[in-house]
Amino acid sequence: MPPTRDDLARLDAEDPLAPRRADFVLPDGVIYLDGNSLGALPRLTPARLAKVATREWGEGLIRSWNQAGWIDLGRRIAAKIAPLIGARADEVAVADSTSVNLFKLLSAALRMRPGRHAILTQADNFPTDIYIAEGLVGQLGPAYRLQRVAAAEIAAAVDEDTAVVMLTHVDYRTGALHDMAAVTRAAQAKGALMLWDLSHSAGALPVDLGGAGADLAVGCGYKYLNGGPGAPAYLYVAARHHAGFRQPLSGWLGHADPFAFEGGYRPAAGIASAICGTPPILALAALECGIDGFAGVDLGALRAKSMRMGDLFIALVEELCAGQGLTLASPRDAERRGSQVSFRHREGYAVMQALIARGVIGDFRAPDLIRFGFAPLYLRFIDLWDAAEALRDVLASRDYDRPEHRRRAAVT
Ligand SMILES: *Cc1c(COP(=O)(O)O)cnc(C)c1O
């Protein structure tokens with residue numbers, strides 16, 4: 001028997017994370033199942049942005065680099081991200097976008113493994129990960145290559161020519177979760193470095209880069225971390241690699257002494273050399289509000305809620321929408337799933353548009369996936385019931401056949 005709405009209301013009443021919902025602005029009439037793509041707005045962010053703009057920028061002007069601590073803001077945020085990903089504060093930097101950070105770290109990895117020429121990745125990794133690797137090997141010349149294999153073949157495909165294995169921890173389409181420690185061991189056993197993309201992991205489940213022995217990682221600030229649209233990203237370089245770490249975007253703020261204005265580049269010691277140029281202070285201020293939302297949160301409780309939500313949503317949808325052409329695209333075993341559930345449907349795009357028109361916001365990923373993300377900080381169990389019921393209504397009424405639900409927008 002699937003749970004009733006009353007069962008779910010009881011889970012909300014017992015949920016230790018339930019009070020966190022009040023920390024977010026969530027519009028009435030909206031069930032937000034897209035926190036894995038753009039996290040919700042923390043209640044404190046608008047006032048913080050107003051303060052940074054009017055007081056620190058407007059009145060403080062350039063003095064605020066020192067007096068308002070702007071120059072240290074990225075480092076402060078990195079130290080707050082570190083415990084979410086199992087890193088030390090001095091192994092994390094906040095900068096640029098995930099795409100740019102991938103370029104920096106892949107370049108550095110190839111340099112750390114001279115004589116090896118391949119970047120190995122999952123064939124259907126997130127597009128920007130693949131595109132950035134393509135751009136990098138294209139620039140380095142014909143000796144270098146990007147090798148793409150199926151998820152199950154990754155470990156076996158690592159060989160003496162593999163410089164770095166680059167994987168996304170949680171698959172953006174299906175939510176399938178890699179075994180970070182096992183894959184890292186397999187890569188390193190053959191002498192390769194291991195780079196994890198944590199974009200769909202951090203803030204949704206505990207990550208232990210240190211425990212897994214990972215070498216490098218990147219991740220996104222605007223998904224589960226709630227840093228705002230286009231928020232700065234983060235990167236991780238294990239401390240044991242700092243001495244040999246050189247990345248090619250050798251901008252002045254990664255210099256050992258930026259305000260000496262020396263004639264040539266000398267990298268800063270440690271993670272600081274991963275920085276390129278001047279940090280976006282308004283965007284960092286918003287990101288810090290997002291990260292602060294995790295202060296005091298028990299990541300084990302977060303993961304437990306997320307796994308339970310996924311299990312319940314699968315059970316509800318399979319019961320309420322039986323016979324309506326949906327197939328589960330995510331692992332059924334919560335241990336092997338991130339914080340999202342996806343279903344395939346022939347009319348997936350239109351089905352999602354019809355759901356969004358009813359205030360149930362998930363997203364669509366080509367060719368046929370409807371995707372529902374569960375941000376455990378602000379989602380309620382009853383939201384799952386209401387979303388599954390809306391999905392049943394959309395499918396049973398064939399509401400998705402209406403022409404307005406079939407027009408493709410630029411962002412899906
Ligand atoms: C969201 C996401 C990105 C985003 O990269 P941007 O540079 O911020 O556009 C990269 N990789 C993965 C796996 C993602 O899920």
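Sequence positions, counted from 1, serve as the residue numbers for this chain. When a ligand or atom number is given, it counts from 1 through the structure's own listing order.
- The nearest protein atom to atom 7 (O) of ligand 1, hydrogens excluded, is given as S99 OG, 2.6 Å; this is a heavy-atom distance.
- Counting heavy atoms under 4.0 Å from ligand 1, residue Y172 does not touch it at all.
- Annotation: cation-pi pair R20/Y378 absent, no NZ/CZ under 6.0 Å from the ring centroid and within 45° of its normal.
- Proximity of a side-chain donor or acceptor of T45 to a complementary backbone N or O of L41 within less than 3.5 Å is not detected.
- Residue-level proximity to ligand 1 for N125 is absent, since no heavy atom of it falls below 4.0 angstrom.
- Atoms NE2 and CD1, on H345 and I370 in that order, are 7.5 Å from each other to the nearest 0.5 Å.
- Annotation: side chain of L377 is in contact with side chain of F294 (closest heavy-atom distance under 4.5 Å).
- For the pair T162 (side chain) and A192 (backbone), a donor-acceptor distance under 3.5 Å is absent.
- Distance from atom 9 (O) of ligand 1 to its nearest protein heavy atom, with residue and atom name: Y222 OH, 3.5 Å.
- Nearest protein heavy-atom contact of atom 5 (O) of ligand 1 is T98 CB, 3.5 Å.
- Among the atoms of K223, some N or O lies under 3.5 angstrom from an N or O of ligand 1.
- Y400 has its ring centre no less than 6.0 Å from the ring centre of H405.
- Atom CH2 of W65 sits about 8.0 Å away from atom CZ of F259, to the nearest 0.5 Å.
- Closest to atom 12 (C) of ligand 1, if we only count protein heavy atoms, is D197 OD2, 3.3 Å.
- Near H200, with a cut-off below 4.0 Å to any heavy atom, the atoms of ligand 1 are 15 (O).
- Within the cation-pi definition used here (under 6.0 Å to the ring centroid, within 45° of the axis), K223 qualifies as a partner of F126.
- Atoms of ligand 1 lying under 4.0 Å from at least one heavy atom of S97, given by number and element, are 7 (O).
- Checked by distance only, ligand 1 and T128 stay at 3.5 Å or farther apart across all their nitrogen or oxygen atoms.
- Residue T168 has at least one heavy-atom neighbour below 4.0 Å for each of these atoms of ligand 1: 13 (C).
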